[in-house]
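FYI, side chains are in, hydrogens and waters are out, and symmetry mates aren't considered; it's all heavy atoms of this structure. Here is the naming used below: chain letters follow the sequence lines, and residue numbers restart at 1 for every chain.
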2 protein chains.
Amino acid sequence: MTERKPSNQELRTRKDLLRAAGRLMKKGCKPTMDEVAAEAMVSRATAYRHFPRLDALLVEAPIDAAVADPVGLFANDPSDDAEARADRAEASLHEVVYQNEAQLRIMLANSIGRDMTDDTLPARQNRRLPLIEAALATSRHRFREDDYQRLCAALALIFGPESMVVFRDVLGFDAETARMVKSWAVRALVRAALEDAKSA
Amino acid sequence: MTERKPSNQELRTRKDLLRAAGRLMKKGCKPTMDEVAAEAMVSRATAYRHFPRLDALLVEAPIDAAVADPVGLFANDPSDDAEARADRAEASLHEVVYQNEAQLRIMLANSIGRDMTDDTLPARQNRRLPLIEAALATSRHRFREDDYQRLCAALALIFGPESMVVFRDVLGFDAETARMVKSWAVRALVRAALEDAKSA
DNA sequence: ATTTTAATGAGACTTTGGTCTCTTTACAAT
DNA sequence: ATTGTAAAGAGACCAAAGTCTCATTAAAAT
């Protein structure tokens with residue numbers, strides 16, 4: 001237990017660095033540690049003290065567009081139409097992803113390319129599973145537990161920024177076309193999982 | 001038309017560089033240009049002459065595991081069970097992807113993170129669509145054209161190395177679990193597309 | 001108010017990606 | 001065999017990532 005409560009000052013500069021990085025990444029190109037430090041009005045050495053690698057900074061940099069809040073999105077929606085809710089969740093994440101394409105690409109590239117034998121880097125944060133689970137919450141009782149887990153995993157392939165990369169770089173689709181395909185796929189998968197439950 | 005036939009010498013050193021890069025990447029970590037040049041027994045300057053950026057070299061580096069050949073895989077299989085064929089195609093690509101995980105991660109990171117306003121880098125090559133189309137070839141007549149295109153796009157989300165990244169980095173799944181989820185999802189999507197055709 | 005401690009600032013230093021120039025070698029045509 | 005041309009080699013050079021040390025400032029404790 002070597003836990004130590006970080007001082008206010010530490011938290012403040014840490015936050016400043018993250019916000020600075022986010023601001024610079026919105027402009028579309030990978031910022032330099034010097035640039036981030038300058039933008040945060042902080043010495044370069046200090047930046048490295050808080051984030052030993054530039055990657056760590058970029059991965060944690062906040063998406064300042066309001067990220068879809070799983071709780072908020074379905075707060076006043078007691079519906080149990082799993083298909084519609086999952087689709088709506090995807091639509092909401094879709095917006096965030098395509099609004100922050102440049103920033104997310106940088107994040108993705110840095111987290112994918114990390115040396116796999118190196119566990120000093122922070123794991124990727126996972127915003128999509130809470131969202132998926134919130135969407136399926138009102139109808140979870142209709143799934144077998146295994147089917148539910150499998151469905152969540154399959155939906156995770158569709159929900160994140162990785163699908164944007166496939167659509168844009170591999171297929172050459174624009175955001176709207178991508179959204180249509182995803183909408184269809186999400187509904188098809190939810191329906192299939194429900195079918196599985198019935199026929200079991 | 002400033003096309004110029006490259007000399008034998010050029011082709012030889014180019015090939016040597018690519019093979020050297022592939023050899024080094026199999027060891028799992030991104031090689032430096034010096035290392036590649038040394039491995040290819042070539043001067044660093046020469047390496048840069050053939051590949052102006054290290055990225056370009058790594059992206060083009062060959063996956064020496066036999067890449068799933070769409071034609072070969074279904075050469076002696078006249079079956080028109082779209083579900084089974086799509087699943088089998090995915091299984092085959094799954095093997096290649098997980099066998100070459102390290103190398104593919106480097107490739108992916110480099111192609112994702114490229115500056116989008118920069119078109120000097122080679123576009124991503126697309127191995128998955130031919131594979132998907134070969135799988136669906138014998139049953140293509142059962143789909144409406146729009147449904148077919150949509151299905152191919154949806155399957156492309158599941159087939160490539162991007163899904164490996166989601167499974168490993170986001171969900172923490174191993175290769176076998178990933179394969180099971182993908183198998184289910186692929187079959188569910190194909191089935192859904194066929195249903196759409198029937199109810200139209 | 002003074003002392004102690006932890007965070008910051010400043011800057012030297014190393015490695016790697018990438019560019020550039022100049023020289024040397026290999027190839028091909030005659 | 002000689003000569004013109006294009007590729008390869010050698011090395012200087014710059015920018016950015018990352019590490020280190022030491023001085024300076026701000027916060028906290030007494």
5'-most by nearest nucleotide on DNA chain D - Pro52(A) or Glu35(A): Glu35(A)
Between CG of Asp16(B) and P of dA7(D) the distance, given in whole Å, is 16 Å
Compare side-chain N and O positions of Thr46(A) against OP1 and OP2 of dA7(C) and report whether any pair is under 4.0 Å apart. no
Between Ile106(A) (CD1) and dA17(D) (P), how many Å, whole number? 12 Å
Donor-acceptor pair under 3.5 Å: do we get one between Arg49(B)'s side chain and the base of dA8(D)? yes
Quickly work out the Leu57(B) CG to dT16(C) P distance and round it to whole Å. 17 Å
Nearest-Å distance, CE (Met33(B)) to P (dC14(D))? 21 Å
Check every atom of dG17(C), dA16(D), dT8(C) against the side chain of Thr32(A) and return the nucleotide holding the closest atom. dA16(D)
Tyr48(B) OH to dC13(D) P, straight-line distance once rounded to whole Å: 18 Å
Taking the side chain as every heavy atom from C-beta outward, state whether His94(A) and Met164(A) have any atom pair closer than 4.5 Å. no
Would you say Thr13(A) places a side-chain N or O within less than 4.0 Å of OP1 or OP2 belonging to dT8(C)? yes
Judged by each residue's nearest nucleotide on DNA chain C, which is more toward the 5′ side, Arg44(B) or Ala45(A)? Ala45(A)
Measure from CZ on Arg53(A) to P on dG18(D) and round the result to the nearest Å. 5 Å
Can you tell me which nucleotide in dA7(D), dG9(C), dG17(C) comes closest to the side chain of Leu54(B)? dG17(C)
What I want to find out is whether Glu133(B) reaches Arg140(B) closely enough, with some N-O distance under 4.0 Å, to be called a salt bridge. no
Could you tell me how the ring of Tyr148(B) sits relative to the ring of Phe143(B): parallel (under 30°), tilted (30 to 60°) or perpendicular (over 60°)? tilted
Rounded distance in Å - CG (Asp34(B)) to P (dG9(D)): 13 Å
Can you tell me the distance, in whole Å, between the NE2 atom of His50(A) and the P atom of dA6(C)? 15 Å
Are Arg179(A) and Asp87(A) close enough for a salt bridge, meaning some N to O gap below 4.0 Å? yes
Between the side chains of Glu10(A) and Arg49(A), is the shortest nitrogen-to-carboxylate-oxygen separation below 4.0 Å, so that they form an ion pair? no
